[in-house]
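Here's the structure we're looking at; comments come further down.
Everything numeric in this text was worked out from a predicted model, so none of it was measured. Sequence positions, counted from 1, serve as the residue numbers for this chain. Side-chain atoms are counted along with the backbone in the values below, which use heavy atoms only and exclude waters and symmetry mates. Numbering of ligands and ligand atoms starts at 1, following listing order.
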Amino acid sequence: MFTTLSPAAALPTYDLFDAIERLKRELNAVILAHYYQESDIQDLADYIGDSLGLSRQAAATDADVIVFAGVHFMAETAKILNPEKQVLLPDLEAGCSLADSCPPDAFAAFKAAHPDHLVISYINCTAAIKAMSDIICTSSNAVSIVQQLPPEQKIIFAPDRNLGRYVMQQTGRDMVLWQGSCIVHETFSEKKLVQLQQAHPEAEVIAHPECEEAVLRHAHFIGSTTALLNYAQRSSSPKFIVVTEPGIIHQMQKQAPDKGFIPAPPTTATCACNECPHMRLNTLEKLYLAMKNRAPEIVLEPGLQQQALRPIQRMLEMSA
Ligand code: 13P
Ligand code: SF4
């Protein structure tokens with residue numbers, strides 16, 4: 001059987017870089033990329049960041065077209081913030097297990113069962129869940145947002161049970177947690193992490209709060225991807241065990257070239273389960289083709305977009 005190469009796949013990487021730069025000028029486009037994207041995409045992005053940084057950039061851009069190198073909920077957030085702009089996602093199938101773990105119908109029933117609760121939703125959820133929420137948060141600002149609420153305020157936190165539990169520990173607040181999780185951050189094994197620490201006693205463990213409690217217990221520092229990157233730069237430690245998606249290590253190596261970064265291994269030795277299968281669906285070629293074809297594009301029903309906007313705006317106001 002013959003495989004037909006797409007015109008983009010036939011181009012060498014350096015030509016793709018040039019072609020993407022050209023299209024960027026033609027479209028007046030901006031390329032926003034998450035740290036979990038492959039290195040080439042990070043290298044050509046106009047802005048690389050965590051979910052909060054990317055939302056802020058999306059809210060501030062004056063580009064006509066936003067090319068979002070990330071997953072669907074991130075591009076959807078950019079569209080909610082910019083209904084008049086075209087938002088392109090290189091692969092429309094780039095979803096998120098965490099967002100999928102919170103179906104709208106089941107969440108509506110959960111919310112109805114807790115009528116006097118304020119709903120704080122992690123940005124890793126669909127527009128439908130955002131529309132049912134009072135405030136959106138990210139892993140950068142979840143603790144601070146909860147701390148800004150009156151102590152007597154009852155709270156539902158969705159969809160990530162691990163981030164929710166971490167926020168409860170940090171704030172001393174009780175919250176009702178939706179039991180969702182991220183397949184990538186739940187893949188790290190405590191046993192393997194401890195073995196790695198024993199092999200590298202000089203290394204500090206830095207971890208994302210989407211990880212399970214047993215893993216976070218071993219962390220010297222816990223934070224969002226941007227917070228982990230900043231910590232790796234300012235810490236005097238020469239080596240780090242990085243307990244999040246290993247895409248971030250590309251930036252860590254660029255910003256701290258004299259330091260060592262070891263990706264925490266997944267539970268199963270034979271898989272690359274610490275890489276997000278959704279994020280990794282995007283490739284340089286798909287990004288080029290999305291810009292060339294001006295598709296796939298994020299399209300949202302205007303009523304839903306309006307409802308989902310307010311809780312995102314509240315987040316941006318509360319983390320200014
Ligand atoms: P942050 O971008 O907030 O660090 O979250 C990581 C993540 O899982 C994104 O999907
Ligand atoms: Fe979703 Fe987890 Fe992938 Fe982030 S790393 S996009 S939370 S599945």
Side-chain angles (χ1 to χ4, degrees), residues 32-38 41-42 45 47-58 68-78 89-102 120-126 129-130 136-145 157-164 166-167 170 178-188 206-212 215-216 219 221-232 242-252 263-264 266 271-282 312 315-316 319:
L32 307 181
H34 192 271
Y35 293 120
Y36 296 164
Q37 292 294 283
E38 62 175 46
I41 293 183
Q42 292 191 36
Y47 176 82
I48 320 161
D50 68 358
S51 305
L52 180 62
L54 289 164
S55 304
R56 284 187 171 136
Q57 288 293 319
F68 214 112
V71 288
H72 193 276
F73 75 81
M74 296 179 171
E76 202 171 55
T77 304
L89 182 63
D91 190 323
L92 220 43
E93 297 296 311
C96 169
S97 69
L98 186 47
D100 291 347
S101 69
C102 195
I120 302 184
S121 294
Y122 190 30
I123 199 162
N124 300 33
C125 64
T126 58
I129 300 298
K130 287 186 176 76
I136 298 303
C137 70
T138 75
S139 58
S140 301
N141 57 21
V143 169
S144 146
I145 284 178
F157 190 93
D160 189 18
R161 63 178 173 212
N162 291 315
L163 179 63
Y166 173 73
V167 172
Q170 293 299 303
W178 180 265
Q179 295 297 313
S181 65
C182 158
I183 46 166
V184 178
H185 288 90
E186 286 207 333
T187 196
F188 300 111
I206 55 176
H208 196 280
E210 284 177 27
C211 296
E212 288 176 324
V215 165
L216 291 184
F221 181 79
I222 298 168
S224 76
T225 43
T226 297
L228 298 181
L229 182 61
N230 292 341
Y231 182 79
V242 182
V243 199
T244 188
E245 220 274 12
I248 182 75
I249 292 178
H250 181 57
Q251 291 306 317
M252 289 176 171
C271 77
C273 317
N274 55 351
E275 288 186 3
C276 175
H278 311 290
M279 287 275 184
R280 303 292 175 135
L281 281 178
N282 293 328
I312 299 172
M315 169 186 82
L316 295 173
S319 44

Fill in the blank from the handout: So for V184 against ligand 1, with non-hydrogen atoms under 4.0 Å, the contacting part is neither
Handout entry: side chain to side chain contact (heavy atoms under 4.5 Å, CB included) between V243 and H208, intermediate numbers included
Key = CA-CA 6 Å; V243 199; H208 196 280; over 6 Å; no
Handout entry: Protein heavy-atom partner closest to atom 5 (O) of ligand 1 - residue, atom, separation in Å
Key = H208 NE2, 3.2 Å
Exercise for the section: Within a distance under 4.0 Å of any heavy atom of S224, pick out the atoms of ligand 1 and give their elements. Expected result: 4 (O)
Handout entry: ligand 1 atoms in contact with Y122 (distance to a heavy atom under 4.0 Å)
Key = 5 (O)
Practice task
Could you tell me whether Y35 approaches ligand 1 through its side chain, its backbone, both or neither, with non-hydrogen atoms closer than 4.0 Å?
Solution key: neither
Problem - E210 heavy atom under 4.0 Å from ligand 2 - result: yes
Exercise for the section: Run the numbers for me: atoms of ligand 1, each under 4.0 Å from some heavy atom of D50, listed by number. Expected result: 1 (P), 2 (O), 4 (O)
Fill in the blank from the handout: The protein heavy atom nearest to atom 10 (O) of ligand 1 is N124 ND2, 3.3 Å
Exercise for the section: Taking only heavy atoms of M74 into account, list the atoms of ligand 1 that are under 4.0 Å away from them. Expected result: 9 (C), 10 (O)
Handout entry: Check: M279 main-chain N/O paired with Q37 side-chain donor or acceptor under 3.5 Å
Key = yes
Problem - Student check: side-chain heavy atoms of H72 and C96 closer than 4.5 Å - result: no
Fill in the blank from the handout: side-chain contact (heavy atoms from CB on, under 4.5 Å) with H278: of V184, I183, L98, only one passes, and it is I183
Problem - Test side chain to side chain donor-acceptor pair (under 3.5 Å) applied to R280 - qualifying residues, sequence neighbours left out - result: E245
Practice task
Report, in ascending order of atom number, the atoms of ligand 1 lying under 4.0 Å from any heavy atom of T225.
Solution key: 1 (P), 2 (O), 4 (O)
Practice task
Please determine which of N162, D160, T244 meets the side chain to side chain donor-acceptor pair (under 3.5 Å) test together with H185.
Solution key: T244
Exercise for the section: May I ask you to test the K130-S121 pair for a side-chain heavy-atom distance under 4.5 Å? Expected result: no
Exercise for the section: Could you find the nearest protein heavy atom to atom 2 (O) of ligand 1 and give me its residue, atom name and distance? Expected result: H34 NE2, 2.7 Å
Problem - Interatomic spacing from CG in N282 to CG in L92 - rounded to 0.5 Å - result: 10.5 Å
Handout entry: Backbone of T138 reached by a side-chain donor or acceptor of N141 within 3.5 Å
Key = yes
Practice task
Could you tell me whether a side-chain N or O of T77 sits under 3.5 Å from a main-chain N or O of F73, the two making a donor and an acceptor?
Solution key: yes
Completion exercise
Under 4.0 Å from one or more heavy atoms of S139, ligand 1 contributes atoms 1 (P), 3 (O), 4 (O), 5 (O)
Fill in the blank from the handout: Contact region, E245 to ligand 1, non-hydrogen atoms below 4.0 Å, reads neither
Practice task
Drop me the distance from L228's CG to Y35's OH, to the nearest 0.5 angstrom.
Solution key: 10.0 Å
Problem - Polar proximity ligand 1 side, S51 side, N/O cut 3.5 Å exclusive - result: yes
Exercise for the section: Could you pull out the N/O/S protein atoms under 2.8 Å of atom 3 (Fe) of ligand 2, ignoring any water? Expected result: C276 SG
Fill in the blank from the handout: Of all protein heavy atoms, the one nearest atom 8 (O) of ligand 1 is E210 OE2, 3.0 Å
Practice task
Quick one: pull up CD1 in I123 and OG in S55 and give me the separation to the nearest 0.5 Å.
Solution key: 3.5 Å
Practice task
Give the C-alpha distance, both sets of side-chain angles, the deciding distance and a yes or no for side chain to side chain contact (heavy atoms under 4.5 Å, CB included) between M315 and L52.
Solution key: CA-CA 9 Å; M315 169 186 82; L52 180 62; 3.9 Å; yes
